[in-house]
Protein chains: 2
Amino acid sequence: MTREGRTTLRDVAEAAGVSVATCSYVLSGRADRTTPLPEPTRKRVEDAARRLGYKGNTAARSLRRQRSELIAIVYAPPVSPWLDHLTWECEDIAAARGYSVIGVPVRRLDRAAQSLRVITRGHVDGAIFTPVLSDDLDLTAARRSTRALMAFSDSLRMPGVDVVRNNVRTALAEATTYLIDAGRERIAYLSHTGVQEDRYLGYVDALEQAGREVDPALVRVGAASREDAVLVVRELLDGPNPPDAVVSESDRGGFAALQAAADRGVKVPDDLAVIGTGNTREATNSMPSLTSVGMHQLDFTEMVEALFARIDDPTLPARELLMPWVLNHRASA
Amino acid sequence: MTREGRTTLRDVAEAAGVSVATCSYVLSGRADRTTPLPEPTRKRVEDAARRLGYKGNTAARSLRRQRSELIAIVYAPPVSPWLDHLTWECEDIAAARGYSVIGVPVRRLDRAAQSLRVITRGHVDGAIFTPVLSDDLDLTAARRSTRALMAFSDSLRMPGVDVVRNNVRTALAEATTYLIDAGRERIAYLSHTGVQEDRYLGYVDALEQAGREVDPALVRVGAASREDAVLVVRELLDGPNPPDAVVSESDRGGFAALQAAADRGVKVPDDLAVIGTGNTREATNSMPSLTSVGMHQLDFTEMVEALFARIDDPTLPARELLMPWVLNHRASA
DNA sequence: TTGTATGCGTTATCAG
DNA sequence: CTGATAACGCATACAA
């Protein structure tokens with residue numbers, strides 16, 4: 001042990017009676033070299049490494065190799081099942097390639113630079129920016145510091161970064177239009193944090209196209225959690241002019257609306273139609289099941305593969321992946 | 001730009017016409033040196049850095065300084081509001097000290113080593129292991145590789161790692177006993193993933209102390225998501241011998257029980273008492289509000305401070321923090 | 001006040 | 001088949 005108790009490669013080398021170069025070769029150097037296996041010494045090294053509990057040092061390794069074998073998922077709390085799903089699909093694919101995945105929470109935009117240091121100064125080989133953030137953050141620094149960048153965004157267009165288009169705006173317009181066509185008169189909009197501009201605009205688009213005005217009293221900013229959102233919807237329902245439909249920016253808000261309706265004895269979908277966003281798996285199981293705008297089914301494989309393709313070869317032309325959102329009809333609307 | 005487009009300190013030095021040492025001094029070296037400020041050149045360096053978009057390189061810096069200014073929160077999906085809360089409290093305190101926080105998801109225990117490489121081989125200055133994981137993972141490697149380790153666990157006892165005791169087992173026993181004393185006959189237990197052994201044991205303890213047997217039919221492993229849990233509870237309620245009380249390992253499960261009861265027209269708490277675990281903020285807002293076992297209020301400040309104290313001085317004696325769980329009475333039981 | 005030299009732990013290159 | 005040796009990018013002690 002050299003300094004602070006951490007076992008270094010030199011410790012292993014001394015214990016095994018060989019050079020550090022040899023240790024590095026047998027321990028980390030892929031056996032892809034011409035020489036197959038130096039059987040006799042190999043075991044000595046491996047034993048020594050195990051005995052000393054050698055774990056390697058990522059900082060040194062990635063400094064030398066210019067690779068960290070790490071990818072990051074950048075997200076804005078609160079967390080969601082959607083994020084969970086994305087994370088585990090990433091992890092599965094990453095694990096198969098020897099990569100690990102970390103999450104990078106960005107809570108406050110004014111502090112984003114600090115949170116993103118892992119990306120901008122660190123050595124993350126690739127990063128995925130989830131929906132809201134892709135549009136609110138300046139990704140130039142991140143792009144220069146990583147081999148690959150993937151962003152969920154319908155507007156972003158940046159050389160060298162792959163992007164996932166969700167056509168959120170048109171999808172929410174479609175959902176709203178569906179409600180209009182079904183004869184709903186007072187369609188409320190339940191937003192999340194106020195930043196998901198695109199989704200809200202889809203709602204506005206549909207109203208305008210139908211020659212209606214946006215009623216500010218029907219547009220509510222829900223809180224982060226489901227139970228908080230319930231309060232908001234209850235308030236709506238208790239008001240003088242309750243809505244006969246709710247479009248929510250998230251499934252979470254959709255469930256909240258269902259729950260608030262149940263609390264107040266409002267029948268869904270007869271008295272209140274509810275449409276969520278995200279099309280999470282839970283939408284199928286709620287009572288009643290939740291009509292939801294979103295990907296028909298969650299599958300990020302293609303996206304993650306594309307990320308790794310670019311990690312392997314950053315000169316690849318920027319791709320534009322389509323993961324279209326559709327209106328998934330269920331019982332609530 | 002030296003190699004692949006990343007601006008290095010040398011680039012800045014050349015552009016500014018000074019040495020790298022000087023650049024390092026003005027850009028990163030805390031001005032704690034005796035000399036206050038070399039005003040004239042300083043600006044030149046800073047300008048050059050900005051112009052070239054210099055961002056530094058964590059790998060090199062932490063290799064040299066033996067510090068990464070990074071702390072990790074290790075968790076097992078699914079994510080929860082609890083985790084969100086912990087994360088942002090960490091982030092607040094961390095930001096004030098120039099640190100960033102990352103999340104490390106550990107989905108599969110058999111792949112934990114891979115996921116934890118960031119901790120064991122990487123340069124994370126400190127790590128927080130959240131409840132379930134603290135007991136299922138071998139933390140020795142992690143301890144040797146970080147300056148500070150904090151674990152939520154009632155059983156763990158490891159030199160050099162600080163630990164948060166929650167007395168989960170006795171707390172869940174207390175909750176169950178409360179139900180027994182209230183005359184509940186068939187108390188179901190809704191578990192999460194089957195691994196939260198301690199919580200379940202609390203339930204068992206209480207039953208045994210009351211001279212009752214555990215009815216396997218009343219112990220259900222709920223799914224990860226809320227809507228899945230609803231299905232489980234509905235099934236219970238539809239069974240031949242429905243429970244008159246539910247103890248859930250999480251608030252999520254508690255909400256699910258409330259919802260299932262509403263679906264089935266079962267009155268809470270008259271026909272069915274419900275107690276959740278975690279005492280999340282949402283428990284106050286549900287309808288009816290959810291009685292929940294957990295910290296009276298979520299406040300991780302002391303814990304995070306302790307983590308940083310150990311980062312500053314790893315030789316500190318291991319601390320044992322108490323964040324006692326109590327039964328928070330509300331309308332559902 | 002600024003520059004030179006050295007090393008952090010690892011891997012890649014190239015001799016022996 | 002193994003071992004010197006030289007970087008990777010940065011920060012510090014020390015010399016100028």
Side-chain angles (χ1 to χ4, degrees), chain A residues 1-14 16-45 49 52 54-69 117 120-123 125 144-145, chain B residues 1-14 16-45 48-49 52 54-69 117 120-123 144-145:
Chain A
M1 330 239 172
T2 35
R3 295 180 82 79
E4 302 195 2
R6 248 191 98 70
T7 305
T8 151
L9 205 52
R10 195 167 58 197
D11 301 328
V12 180
E14 279 175 16
V18 293
S19 77
V20 287
T22 308
C23 285
S24 173
Y25 183 68
V26 40
L27 287 179
S28 66
R30 306 293 183 206
D32 54 74
R33 217 61 186 146
T34 46
T35 51
L37 302 165
E39 251 311 327
T41 48
R42 204 189 78 166
K43 197 171 155 49
R44 292 231 316 277
V45 173
L52 273 60
Y54 174 71
K55 289 292 177 188
N57 178 316
T58 301
R61 166 184 265 245
S62 59
L63 178 57
R64 177 63 229 233
R65 297 228 304 198
Q66 306 289 42
R67 282 285 203 305
S68 63
E69 293 178 317
R117 280 190 347 193
T120 54
R121 328 177 40 157
H123 264 192
D125 291 346
R144 296 192 55 179
S145 314
Chain B
M1 326 237 174
T2 36
R3 296 180 80 78
E4 304 194 2
R6 248 191 99 68
T7 305
T8 148
L9 206 51
R10 195 169 54 198
D11 301 327
V12 179
E14 279 175 17
V18 293
S19 78
V20 287
T22 310
C23 287
S24 173
Y25 183 68
V26 41
L27 287 178
S28 66
R30 305 294 183 206
D32 54 75
R33 217 65 186 141
T34 47
T35 52
L37 301 168
E39 253 312 326
T41 50
R42 203 189 78 166
K43 197 171 157 46
R44 290 233 315 280
V45 173
L52 273 60
Y54 174 71
K55 289 294 178 185
N57 177 316
T58 302
R61 169 185 263 244
S62 60
L63 180 57
R64 175 65 228 233
R65 296 227 307 199
Q66 306 288 39
R67 283 283 205 302
S68 62
E69 292 177 319
R117 279 191 347 194
T120 55
R121 330 178 39 161
H123 263 192
R144 295 192 55 180
S145 314

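What you are looking at is a predicted structure, and each value in this text was computed from that prediction instead of being measured. Letters A, B, ... mirror the listed sequences (proteins, then strands); counts begin at 1.
Scored by the side chain to side chain contact (heavy atoms under 4.5 Å, CB included) test, B/S68 finds B/S62, B/L70, B/H123, B/D125 as partners (sequence neighbours excluded). Under the rule for a side chain to side chain contact (heavy atoms under 4.5 Å, CB included), the partners of B/A49 that lie at least two apart in sequence or sit in another chain are B/V12, B/L27, B/Y54. Considering only residues two or more places apart in sequence or on other chains, A/R64 meets the side chain to side chain contact (heavy atoms under 4.5 Å, CB included) condition with none of them. Take B/V20 and apply the side chain to side chain contact (heavy atoms under 4.5 Å, CB included) test, not counting sequence neighbours, and it matches B/R10, B/A13.
Atom C1' of nucleotide C/dT10 and atom CZ of A/R67 are separated by 16 Å, given to the nearest angstrom. Per the geometry, CZ belonging to B/R61 stands 12 Å off C1' belonging to D/dG9, to the nearest Å. Between the CZ atom of B/R10 and the P atom of D/dA11 there is a distance of 15 Å, given to the nearest Å. Atom CG in B/N57 sits about 13 Å away from atom C1' in C/dC8, given to the nearest Å. A straight line from OH of B/Y25 to C1' of C/dT1 spans 9 Å, rounded to a whole angstrom. Taking atom CG of B/L27 as the reference point, atom C1' of C/dT2 lies 15 Å away to the nearest angstrom. Spacing between atom CG of B/L63 and atom P of C/dC8 amounts to 9 Å, rounded to whole angstrom units. For the pair A/R121 CZ and D/dA11 C1', the interatomic distance rounds to 13 Å; values are reported in whole Å.
Going from atom CG of B/N57 over to atom OG1 of B/T7 covers 11.5 Å, rounded to the nearest 0.5 Å.
Across A/A60 and B/L63, no two heavy atoms sit closer than the pair CB-CD1, 3.8 Å. Smallest separation of non-hydrogen atoms from A/T120 and A/S145: O-OG, 2.7 Å. Of all heavy-atom pairs spanning A/K55 and B/R121, the tightest one is O-NE, 3.1 Å. A/E69 and B/R117 get closest at one heavy-atom pair: O-NH2, 3.1 Å.
Each end of the helix from C/dT1-D/dA16 to C/dG16-D/dC1 gets its own rotation axis from five pairs of C1' atoms, and the angle between them is 40° to the nearest 10 degrees.
Put simply, A/S24 has a side-chain N or O that comes within less than 4.0 Å of OP1 or OP2 on C/dT11. Close to C/dT10, at under 4.0 Å from its OP1 or OP2, lies a side-chain N or O of A/Y54. Taking only side-chain nitrogens and oxygens, B/S19 comes nearer than 4.0 Å to OP1 or OP2 of C/dG3. Residue B/T8 has no polar side-chain atom (N or O) positioned under 4.0 Å from OP1 or OP2 of D/dG9.
You'll find that the side chain of B/Q66 is closest to C/dC8, out of C/dC8, C/dA12, D/dC10. Taking only side-chain atoms of A/R65, from C-beta outward, the nucleotide of D/dA11, C/dT11, D/dC10 with the closest atom is C/dT11.
Under the 3.5 Å distance criterion, the side-chain polar atoms of A/R44 are matched with a main-chain donor or acceptor of A/A16.
Take the nearest nucleotide of DNA chain C for A/A60 and for B/V18: the residue whose nucleotide is more 5' is B/V18.
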Mind listing the N/O atom pairs, protein and nucleotides 5-7 of chain C, below 3.5 Å?
{"residue": "C/dG7", "atom": "N2", "partner": "B/R64", "partner atom": "NH1", "Å": "3.1"}

